[in-house]
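For reference, the structure discussed in these notes is given below.
Only heavy atoms go into these numbers, but all of them, side chains included; no hydrogens, no water, no symmetry mates. Throughout, protein chains are lettered first and strands after them, A, B, ... in sequence-line order, and every chain is numbered starting at 1.
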Amino acid sequence: MKIGYPCVNETLDCSAATTFRLASYNDERLVTTVTNNLTCLQRILEYNVQHGLLFFRIGSGIVPFGSHTVNTYPWQTEFAPQFRAIGDYIKTEQMRVSFHPDQFVVLNSLDPGIVERSIAELVYQGSMLDLMGLDSTAKLQIHVGGLYGDRDVAIERFITTYRTLPEAVQVRLVVENDDRLFSLRDCLRVHEAVGIPILFDNFHHECLNHEEPMREALRLAAGTWHPTHDGVLMMDYSSQQLGERKGKHTFSLDENRFREFLTHLNGLDVDMMLEIKDKEASALRAVAILRELGLAAPVPLATSV
DNA sequence: CGCAGTCAAGGGAGC
DNA sequence: GCTCCCTTGACTGCG
């Protein structure tokens with residue numbers, strides 16, 4: 001089992017998400033920013049390896065305006081060596097990475113322009129994984145999208161659009177159950193139509209479900225991942241922040257709830273992304289718990305302190 | 001220099 | 001039809 005956290009490392013003094021305003025776009029600014037982001041990404045990955053965190057979600061803004069028409073700079077070729085080096089490091093250390101395109105990516109939108117821009121964004125993020133030389137176990141996770149008043153039609157439109165995607169995107173795309181609109185059951189319908197794996201979010205499932213027990217839900221989601229093409233089930237883990245609106249992620253890992261959740265795995269291997277506000281701090285506590293339970297690799301001798 | 005308003009992009013709930 | 005929510009950091013202009 002690999003444990004990870006999304007996008008931002010709060011310990012290091014660098015950011016892999018530096019950007020600039022669209023209005024101030026120019027190629028020189030782009031080159032400087034991408035160079036900075038890739039340098040920082042490498043540092044974050046090294047930190048992660050040293051701390052036993054072998055799963056990481058890379059932020060969407062590594063290449064600012066990566067799918068925007070304003071950006072005509074050939075970053076794919078100009079930065080190929082840097083992407084390749086990062087990919088080599090990921091493979092050498094047997095890490096797993098993913099991207100989570102944000103809420104603007106809506107494949108089932110009624111607006112063809114939004115669909116077009118969404119596909120461009122998926123192509124951009126997928127191409128970074130291609131440039132790193134990573135196989136199709138490195139994923140792009142999105143939600144089904146909008147409801148538009150008719151669940152069946154909305155799901156059908158997602159399926160129709162999925163079938164038009166470039167193969168390079170199709171093999172990496174996974175769909176995540178959300179907390180308000182599309183449940184695990186809805187995602188299973190999409191899976192049955194096109195074979196897309198389901199990224200399971202335990203917290204979203206607690207918010208929106210059809211009474212499937214957690215253990216059964218995990219089993220259903222895991223069954224959508226092809227062992228070699230897709231790898232083991234990726235999941236997002238979080239829990240409710242007490243006293244806040246339903247769906248609000250906890251600020252730091254609730255260890256008792258985490259231990260309780262682990263019992264539902266029932267021997268299932270998963271790679272777990274901790275969607276928790278304090279990032280690597282909680283991820284490190286999760287790794288410590290897993291080591292105590294014999295579910296994660298021990299501290300590497302060379303880097304143990 | 002510090003701070004508050006703003007930033008490419010969508011959709012839904014509540015009123 | 002309008003406001004606020006998600007979710008969050010980082011940029012930028014202004015005082």
Side-chain angles (χ1 to χ4, degrees), chain A residues 5-26 28-30 32-37 39-41 44 56-73 75 99-125 140-151 153-155 157-158 161 175-183 186 201 203-204 206-208 236-241 244-252 273-282:
Chain A
Y5 60 99
C7 307
V8 173
N9 180 295
E10 296 183 331
T11 306
L12 298 173
D13 59 357
C14 72
S15 166
T18 55
T19 184
F20 49 87
R21 295 289 194 255
L22 177 61
S24 51
Y25 181 91
N26 64 61
E28 187 184 348
R29 190 90 190 258
L30 183 80
T32 305
T33 305
V34 174
T35 302
N36 176 71
N37 287 344
T39 301
C40 183
L41 175 59
I44 293 173
F56 188 64
R57 180 186 301 162
I58 304 173
S60 301
I62 293 288
V63 180
F65 311 103
S67 68
H68 193 283
T69 52
V70 74
N71 184 348
T72 57
Y73 185 80
W75 56 268
F99 282 97
H100 191 347
D102 60 28
Q103 75 261 37
F104 307 110
V105 170
V106 184
L107 287 185
N108 75 344
S109 173
L110 295 165
D111 179 342
I114 291 170
V115 175
E116 188 182 338
R117 289 189 291 276
S118 296
I119 294 172
E121 180 71 12
L122 293 175
V123 168
Y124 148 61
Q125 297 196 24
L140 306 171
Q141 76 184 83
I142 62 170
H143 297 285
V144 176
L147 206 51
Y148 310 100
D150 189 324
R151 181 177 309 276
V153 174
I155 288 174
R157 213 164 37 246
F158 182 96
T161 303
V175 68
E176 175 188 354
N177 61 303
D178 69 70
D179 59 344
R180 296 178 306 138
L181 306 177
F182 294 99
S183 64
D186 295 321
D201 187 310
F203 185 32
H204 292 167
E206 287 172 16
C207 297
L208 179 69
D236 285 349
Y237 176 85
S238 189
S239 62
Q240 175 70 36
Q241 175 67 51
E244 291 280 352
R245 167 192 61 79
K246 179 184 171 187
K248 184 80 173 178
H249 291 201
T250 182
F251 180 80
S252 78
M273 184 67 62
L274 266 60
E275 289 200 317
I276 294 179
K277 294 272 185 291
D278 66 355
K279 305 291 178 182
E280 73 273 16
S282 282

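- Atom CG of A:Leu107 is separated from atom CD1 of A:Ile114 by 11.5 Å, given to the nearest 0.5 angstrom.
- Non-hydrogen atoms lying under 4.0 Å from DNA chain C are contributed by nothing in residues 175-183 of chain A.
- In this structure, A:His249 places its NE2 atom 11 Å from P of C:dC6, rounding to the nearest Å.
- When the C1' atom of B:dA8 is taken as reference, atom CD1 of A:Ile114 falls 12 Å away, rounded to whole Å.
- For A:Arg21, taking side-chain heavy atoms from C-beta onward, the closest of the listed nucleotides B:dG11, C:dC6, C:dC11 is C:dC11.
- With centroids closer than 5.5 Å and planes inclined by less than 30 degrees as the test, A:Phe104 and the base of B:dG10 fail to qualify as a stacked pair.
- The shortest distance between the side-chain N/O atoms of A:Arg29 and the OP1/OP2 oxygens of C:dT12 is below 4.0 Å.
- The side chain of A:Glu10 approaches C:dG9 more closely than any other nucleotide in the set C:dG9, C:dT12, C:dT7.
- To the nearest angstrom, P of B:dA8 lies 23 Å from CD1 of A:Ile119.
- In this structure, CE of A:Met273 is placed 16 Å from P of C:dT7, rounded to the nearest angstrom.
- For the pair A:His204 and A:Leu208, the minimum side-chain heavy-atom distance is 4.5 Å or more.
- Nucleotides B:dT6 and C:dT3 have their P atoms positioned 14 Å apart, rounded to a whole Å.
- Rounded to a whole angstrom, the distance from the C1' atom of B:dA4 to that of C:dT8 is 16 Å.
- A:Lys279 comes within 4.0 angstrom of no nucleic acid atom, judged by non-hydrogen atoms across all strands.
- Ring centroids of A:His249 and A:Phe203 are separated by less than 6.0 Å, placing the two rings close together.
- Among the nucleotides B:dG12, B:dA8, C:dA10, the one closest to any side-chain atom of A:His68 is B:dA8.
- Here the rule is ring-ring contact (aromatic ring centres under 6.0 Å, His included) with A:Phe65, and of A:Tyr124, A:Phe20, A:Tyr73 only A:Phe20 fits it.
- Rounded to the nearest Å, the gap between the P atom of C:dA10 and that of B:dG10 is 23 Å.
- With P as the reference atom, C:dG9 and B:dG11 are 25 Å apart, rounded to whole Å.
- Rounding to the nearest 0.5 Å places CG of A:Leu41 at 8.5 Å from CG of A:Asn37.
- Considering only side-chain atoms of A:Val8, the nucleotide from B:dG10, C:dG9, B:dG12 that sits closest is C:dG9.
- Atoms CG and CD, on A:Asp178 and A:Gln103 in that order, are 12.5 Å from each other to the nearest 0.5 Å.
- The side chain of A:Ser109 contributes an N or O atom lying less than 4.0 Å from OP1 or OP2 of B:dG11.
- Across the P atoms, B:dG5 and C:dC5 are found 15 Å apart, a figure rounded to whole Å.
- In this structure, CG of A:Leu147 is placed 10 Å from C1' of B:dG11, rounded to the nearest angstrom.
- How far NE2 of A:His100 is from OG of A:Ser60: 8.5 Å, rounded to the nearest 0.5 Å.
- Taking atom CZ of A:Phe20 as the reference point, atom P of C:dC11 lies 10 Å away to the nearest angstrom.
- With hydrogens and angles ignored, the 3.5 Å screen pairs no side-chain donor or acceptor of A:Asp201 with any backbone N or O of A:Asn177.
- Between A:Pro101 and A:Leu122, the closest side-chain pair of non-hydrogen atoms falls below 4.5 Å.
- Note on A:Lys277: a side-chain N or O is less than 4.0 Å away from OP1 or OP2 of C:dT8.
- Ring geometry for A:Tyr5 versus A:Phe56: interplanar angle over 60°, hence perpendicular rather than tilted (30 to 60°).
- Among the heavy atoms of the strands lying under 4.0 Å from A:Phe65 is at least one base atom, whether or not backbone atoms are also near.
- Put simply, OH on A:Tyr5 is 20 Å from P on C:dT7, counting in whole angstrom units.
- Residue contacts shown for A:Ser67 include a base, since a base heavy atom lies under 4.0 Å away.
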note = Dot-bracket assigned to DNA chain B with the 3.5 Å Watson-Crick/G-U criterion, [ ] for crossing and | for other-strand pairs, is |||||||..||||||

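- If you measure from atom CD of A:Gln103 to atom C1' of C:dT8, you get 10 Å, rounded to the nearest angstrom.
- In this structure, A:Ser24 reaches the C:dT12 phosphate: one of its side-chain N or O atoms is under 4.0 Å from OP1 or OP2.
- Interatomic distance, A:Ile142 CD1 to A:Gln125 CD, rounded to the nearest 0.5 Å: 10.5 Å.
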